[in-house]
Amino acid sequence: MSTAGELIARSNRLGADPRVTNYAGGNTSAKGTEIDPVTGEPVELLWVKGSGGDLGTLTESGLAVLRMDRMRALVNVYPGVDREDEMVAAFDYALHGKGGAAPSIDTAMHGLVDAAHVDHLHPDSGIAFATAKDGQKLTKKAFGDKVAWVDWRRPGFQLGLDIAAIKEANPRAIGVILGGHGITAWGATSKEAEKNSLWIIKTAEEYITSTGKKAPFGKQVTKRAALPVADRHAKAAAIAAHIRGLVSTDDPKVGHYTDSDAVLDFLASSSYERLAALGTSCPDHFLRTKVKPLALDLPSNATVEATLARLDTLHESYRKDYAKYYATHAVVDSPAMRGADPAIVLVPGVGMFSYGANKQTARVAGEFYVNAINVMRGAEAISTYAPISDAEKFRIEYWSLEEAKLARMPRPKPLAGRIALVTGAASGIGKAIATRLAAEGACVVIADLDLTKAQEAAAELGGLDVAVGIVTDVTDEAAVQSAIDQTVLAFGGLDLVVNNAGLSLSKSLLETTVADWDLQHNVMAKGSFLVSRAAAKVLIDQKLGGDIIYISSKNSVFAGPNNIAYSATKADQAHQVRLLAAELGEYGVKVNGINPDGVVRGSGIFAGGWGAKRAAVYGVPEEELGKYYAQRTLLKREVLPENVANAVFVLCASDLSHTTGLHIPVDAGVAAAFLR
């Protein structure tokens, strides 16, 4: 296997183990020789994980490749620690070949350390030593002379020089504990480097387990104990949207909810408030979780009303404290403050709410705070948790190099940060709508009577960070509320509701039974009302505006034969649009409708017998029904599910931010259905 191939295989193994490192955390490298295609001579190269990559999913394109002769020569032009940031740009002049990833700030650590293979990782057990008050002494005690200690230093060229010097001075050492940060290990072969990394992690774990306090967080506080599962999920659903509204004061956020044992035990401990106030330490942690969480100081049994009122007060204080933190440590060339809202909100008895620009970012922020809890537990078990200072955290958080990394991120999609619930979305029009919304960056909940099909449709859109499928009967008030609760627990809140669930029975007036009438009105008129009412509570609570969209029909205004129940309930839906637009406008909620003509291809309604009935009414073969509908339109075009989905996107995108109470015909032009 090639040197790069060995490195990728090792990286993937290390990155797949959460005990070893967290998502996108750490970096690995390998040195080797290849033939320079220009000179035909051997050249010594460094392959190192590039900026922003993830070890668990690393591929060759995620590696930066540099010439070692030029890397070593950079030492001669190093201007000193006060200007070490300039060295990141200098790495570009040492690159070999074309393509590859941008070199990260840790490149010097890998290039300057005299070892063929180097791993820099963020294991919880290793960071526990790195953040312990007497970490240096404990490192000597636990590892002997096999692992050295490095005082905290911001990642960069000087840290690479420091580690290189320590390795040279400690020939028996296989790695180091980086104060406040993590671990670095090395080896002559890829296998040896991996073995040494895992030995440091295992030894740290065993030392903490065998010598540490059995209750490092102290006694459990009864009044902050975890609520029963059903109770805490109900409370989480009741407060999630309000919290999302708070943390989206500066920018819209997507949320993630965690009620793992590690979180609940921490929240119930006597050390909870003290440790939460100290914040996280490892740069990978606080860059994603902010320097500290918003920690609720109420008992588990506090009412929802009391909880929300206290969160309002604490959020206001948090923003003031963060602004003070920024003002205290900012210098002339510091990047502008990126926002003063918390990324982590802790609620005793209930769990943790984490936030980010998208679901993955929110989920990963929560995972990192769980890592931080594990670190605090380990440090408190063997010593006292002592993270780096706020001043040093600021130097990382508002580092110009971190700002440059953020600037390289792709521009967000139009619906990024928005959360959608689409009913009847496992097939047909609903599925097309869900697909378009997800493609435009939204998180989507696919609600349908058929759970299996809903989950299959969601899986087609991506993982759980993109879409989830749930079972919902829109005629059932409790089921509708459950759908709303599942949505806010999955993604933190709700921004966009599409009332699409529907069915139709094609019968004349005399053939239509009361049961036929009730069924269609229950699903569409009553169902839309129930969904809109439950969703409106969330939208109002969030104070972020939002959209409610009804998939009505051209039949809401067009009078056709043998269609009394369906057309009447569609007219009901159409007027709900106007009524809700008038009522919800003061909350910034837009309510609009779409009036499609018959969507034959891909439609669950037409496939379920409606198509055959309508074809019989018009005297055409069922397979020709779509073409028949097209020929009666002004544009002579068949209406497809994607055409309706396009209209939904237009209504909820920013270009129609001032439009409410509108019905958009998607019927290729049916003159008899023109709105007057």
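Keep in mind that what you see is a predicted model, and the values were worked out from it rather than measured. Heads up: numbering here begins at 1 and tracks the sequence.
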Asks: Excluding sequence neighbours, so at least two apart, what forms ring pair (Phe, Tyr, Trp, His ring centres under 6.0 Å) with Y318?
Replies: none
Asks: Got a sec, which pairs hit salt bridge (Lys or Arg N to Asp or Glu O under 4.0 Å) with one end in residues 176-195, sequence neighbours left out?
Replies: R13-E194
Asks: Hey, could you give me each pair passing side chain to side chain donor-acceptor pair (under 3.5 Å) that has a residue in residues 388-397? Not counting sequence neighbours.
Replies: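 As it turns out, the side chain to side chain donor-acceptor pair (under 3.5 Å) pairs with a partner in residues 388-397, which skip direct neighbours, are W152-E392, Y322-E397, Y325-E397, E392-R395.
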Asks: Say whether T131 and S281, considering side chains only, have a donor N or O and an acceptor N or O under 3.5 Å apart.
Replies: no
Asks: For F157, which residues count as a ring pair (Phe, Tyr, Trp, His ring centres under 6.0 Å) partner, sequence neighbours excluded?
Replies: Y78
Asks: Closest heavy-atom contact between L461 and A438?
Replies: CD1-CB, 4.0 Å
Asks: Please name the residue in the list N371, N374, I183, V20 that meets the side-chain contact (heavy atoms from CB on, under 4.5 Å) test with P123.
Replies: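 Result for side-chain contact (heavy atoms from CB on, under 4.5 Å) with P123: I183.
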Asks: Does anything in residues 269-290 pair up under salt bridge (Lys or Arg N to Asp or Glu O under 4.0 Å), and if so which pairs, sequence neighbours excluded?
Replies: R224-E273, R274-E380
Asks: Considering residues at least two apart in sequence or located in another chain, which fulfil the salt bridge (charged side-chain N to carboxylate O under 4.0 Å, His left out) criterion with R232?
Replies: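 Applying salt bridge (charged side-chain N to carboxylate O under 4.0 Å, His left out) to R232 gives D259.
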Asks: Please find the pair of heavy atoms, one from A185 and one from A193, that lie closest to each other, and give the distance.
Replies: CB-O, 4.5 Å
Asks: Side chains of T59 and S61: is there a donor and an acceptor less than 3.5 Å apart?
Replies: yes
Asks: Does R338 count as lying over the ring of Y398, i.e. NZ or CZ under 6.0 Å from the six-ring centre, within 45 degrees of the axis?
Replies: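 Satisfied, under 6.0 Å and within 45°.
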Asks: On a heavy-atom basis, which atom in H120 and which in M109 lie closest, and how many Å separate them?
Replies: CB-SD, 3.7 Å
Asks: Can you tell me which residue pairs pass the salt bridge (Lys or Arg N to Asp or Glu O under 4.0 Å) test with a partner in residues 17-29, sequence neighbours excluded?
Replies: D17-R19, R19-E205
Asks: Determine which pairs satisfy salt bridge (Lys or Arg N to Asp or Glu O under 4.0 Å) with at least one residue from residues 159-171, sequence neighbours left out, and list them in order.
Replies: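 Passing the test, one end in residues 159-171: R153-D162.
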Asks: By the definition side chain to side chain donor-acceptor pair (under 3.5 Å), identify the one residue from T28, D54, T21, N27 that meets it with S11.
Replies: T28
Asks: List the residues meeting side-chain hydrogen bond (donor to acceptor under 3.5 Å, both in side chains) with Y207, not counting sequence neighbours, and say none if there are none.
Replies: none
Asks: If the condition is side chain to side chain contact (heavy atoms under 4.5 Å, CB included), which residues does S354 pass it with, not counting sequence neighbours?
Replies: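 Residues passing side chain to side chain contact (heavy atoms under 4.5 Å, CB included) with S354: H256, I344, A365.
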Asks: For H110, give me all partners under ring pair (Phe, Tyr, Trp, His ring centres under 6.0 Å), at least two apart in sequence or on another chain.
Replies: none
Asks: May I ask you to decide whether D119 forms a salt bridge with R10, counting only side-chain N to carboxylate O separations under 4.0 Å?
Replies: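 Yes, D119 and R10 are salt-bridged.
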Asks: Using the test ring pair (Phe, Tyr, Trp, His ring centres under 6.0 Å), find all partners of F353 that sit at least two apart in sequence or belong to another chain.
Replies: Y257
Asks: Could you tell me whether F368 and F286 have their ring centroids closer than 6.0 angstrom?
Replies: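 No, too far apart.
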Asks: If you take the centroid of each ring, where Trp contributes its six-membered ring, are Y272 and F217 closer together than 6.0 Å?
Replies: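 Between Y272 and F217, which both carry aromatic rings, the centre distance is not below 6.0 Å.
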Asks: Looking only at non-hydrogen atoms, find the nearest pair between A128 and V375 and report the distance.
Replies: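 So the minimum-distance heavy-atom pair works out to CB-O, 3.8 Å.
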Asks: Does CG in L314 sit with more than 12 non-hydrogen atoms of other residues, nucleotides or ligands closer than 6.0 Å?
Replies: yes
Asks: Does a salt bridge link R363 with D465, judged by any charged N lying under 4.0 Å from a carboxylate O?
Replies: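 Yes, charged N to carboxylate O under 4.0 Å.
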